[in-house]
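None of these values were measured; they are calculated from a predicted model.
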Amino acid sequence: MALFQHPARITRRILASQIMMTTSCQASTRHVHTSAAQTAASELLKKVKGQKFVRKQLLDGNQLQKLSLILGRRSEFCTGEPPDGTYLPYGHHLVYFTPSQFESELGADGSDTTFNSPAPFTRRMWAGGEMLWNPQVQLRIGDRVEETTEILDAKAKKSRDGSEMVLVDVEKIFVSPRGVALTDRRSWIFRQPLPAPPTGSIAPVITIPTTKSHIQDDIDLKAGYTMRNLVWSPVALFQFSALTFNAHMIHFNESWTRQVEGHPNVVVHGPLNLINLMNYWRDIHSRGGAIKAKSIAYRALSPLYAEEEYTIGTEAVEEGNGETIRYRLVVKRGEVVCMRGEVVGVRPS
């Protein structure tokens, strides 16, 4: 069981190709310089390091049904609330244990501030992570589950353009009545605000969304595997925000997203991307559930936006002589790689 309590990989290694660590504080006989990002990371660790945040929740079928409606999975849970005992699909735990803060406690951008970096590093984005499932203990509808969350680390980083940011690593362990079911490690990056636009230069953003969300599978002739095409509408992203009690405005407030955060449109949620990645693996590679997912390690490389088509595909499948199979998955918008993930599957014994 130790495997599910102490994941072998660490998110910092997963993110190594995306960001690079800042150099350590250079001590000399005269002075020590501390960057703003190092100060912010230290303040966050001082505030929450060593604390365990424990919550308990009943996994109800209504939440799973509403997620299936958003995902458009008409053959799965859409006609009624799934009964107790229904297995929770991979990644679907992300719509449970939602934020629990009063509005007055949220950040200026609407985000849950429990593990947010202190100012001035207030622009938050999902960066990557890792999940490890216990094939013998799967979460089920009707389970009363305990979630224990703690911060693992907060570090000063520099992005590819040289700007400072703070990387925060958090671990969540989910325990069902049958034991540890899942270890979920995730990372966020926090950047400084963009410069404010000149006074009077902001025009109201008024758009009429016409795009409907859709998902369609095609054959990737080059790779030889099924490729999934996806588009998310602003309406579906708002529904996902509501379902997960997520008030982070980059996902539904177009004026904030464009004028404050500098994005071209509202941003597709990191958890929604991950759910879609695991649904793709489950539909295409699990052989009807015969192959169980043991883990996924993933990293986000570029945001995805509403009304833009993107794809989920398979770059390679590595089948060794052992019990595990490795699946290298990729999410792309045109030629831009937005997310990479590696799923480790376990053959039936």
Check your understanding: Should the pair Arg258-Glu254 be classified as a salt bridge under the 4.0 Å nitrogen-to-oxygen rule?
Key -> yes
**Study point:** Inter-residue atom distance Ile291.CD1 - Tyr327.OH, 0.5 Å rounding
**Key:** 3.5 Å
**Study point:** Check ion pair Lys52-Glu150 (N to O, under 4.0 angstrom)
**Key:** yes
Check your understanding: Any salt bridge between Glu147 and Lys56, counting N to O under 4.0 Å?
Key -> no
Practice item. Find the distance between NZ (Lys66) and CD1 (Ile70) and round it off to the nearest 0.5 Å. Key: 9.5 Å
Acceptor/donor pairs from residues 88-102 side chains to any protein atom, 3.5 angstrom cut, sequence neighbours excluded:
{"residue": "Tyr90", "atom": "OH", "partner": "Ala293", "partner atom": "N", "Å": "3.0"}
{"residue": "His92", "atom": "ND1", "partner": "Tyr90", "partner atom": "O", "Å": "3.2"}
{"residue": "His93", "atom": "NE2", "partner": "Asp184", "partner atom": "OD2", "Å": "2.9"}
{"residue": "Tyr96", "atom": "OH", "partner": "Asp60", "partner atom": "O", "Å": "2.7"}
{"residue": "Tyr96", "atom": "OH", "partner": "Leu64", "partner atom": "N", "Å": "3.4"}
{"residue": "Ser100", "atom": "OG", "partner": "Arg55", "partner atom": "NH1", "Å": "3.2"}
{"residue": "Ser100", "atom": "OG", "partner": "Thr98", "partner atom": "O", "Å": "3.4"}
{"residue": "Gln101", "atom": "OE1", "partner": "Thr113", "partner atom": "N", "Å": "3.0"}
{"residue": "Gln101", "atom": "NE2", "partner": "Thr113", "partner atom": "OG1", "Å": "3.1"}

**Study point:** Asn116-Ser111 side chain donor-acceptor pair, cut-off 3.5 Å
**Key:** yes
Practice item. Run the salt-bridge test on Glu318 and Arg328 with the 4.0 Å N-O cut-off and return the result as yes or no. Key: yes
Review point. How about Leu230 and Asn276: do any of their side-chain heavy atoms sit closer than 4.5 Å?
Key: yes
Point to revise | Within 6.0 Å of CZ in Phe238, more than 12 heavy atoms from elsewhere | key: no
Exercise for review: Using a strict 4.0 Å threshold on nitrogen-to-oxygen distance, state whether Glu323 and Lys292 make a salt bridge.
Suggested key: no
**Study point:** Partners passing side chain to side chain donor-acceptor pair (under 3.5 Å) against Ser286 (at least two apart in sequence or in another chain)
**Key:** none
Point to revise | Contact list for residues 88-114, test salt bridge (charged side-chain N to carboxylate O under 4.0 Å, His left out), sequence neighbours left out | key: none
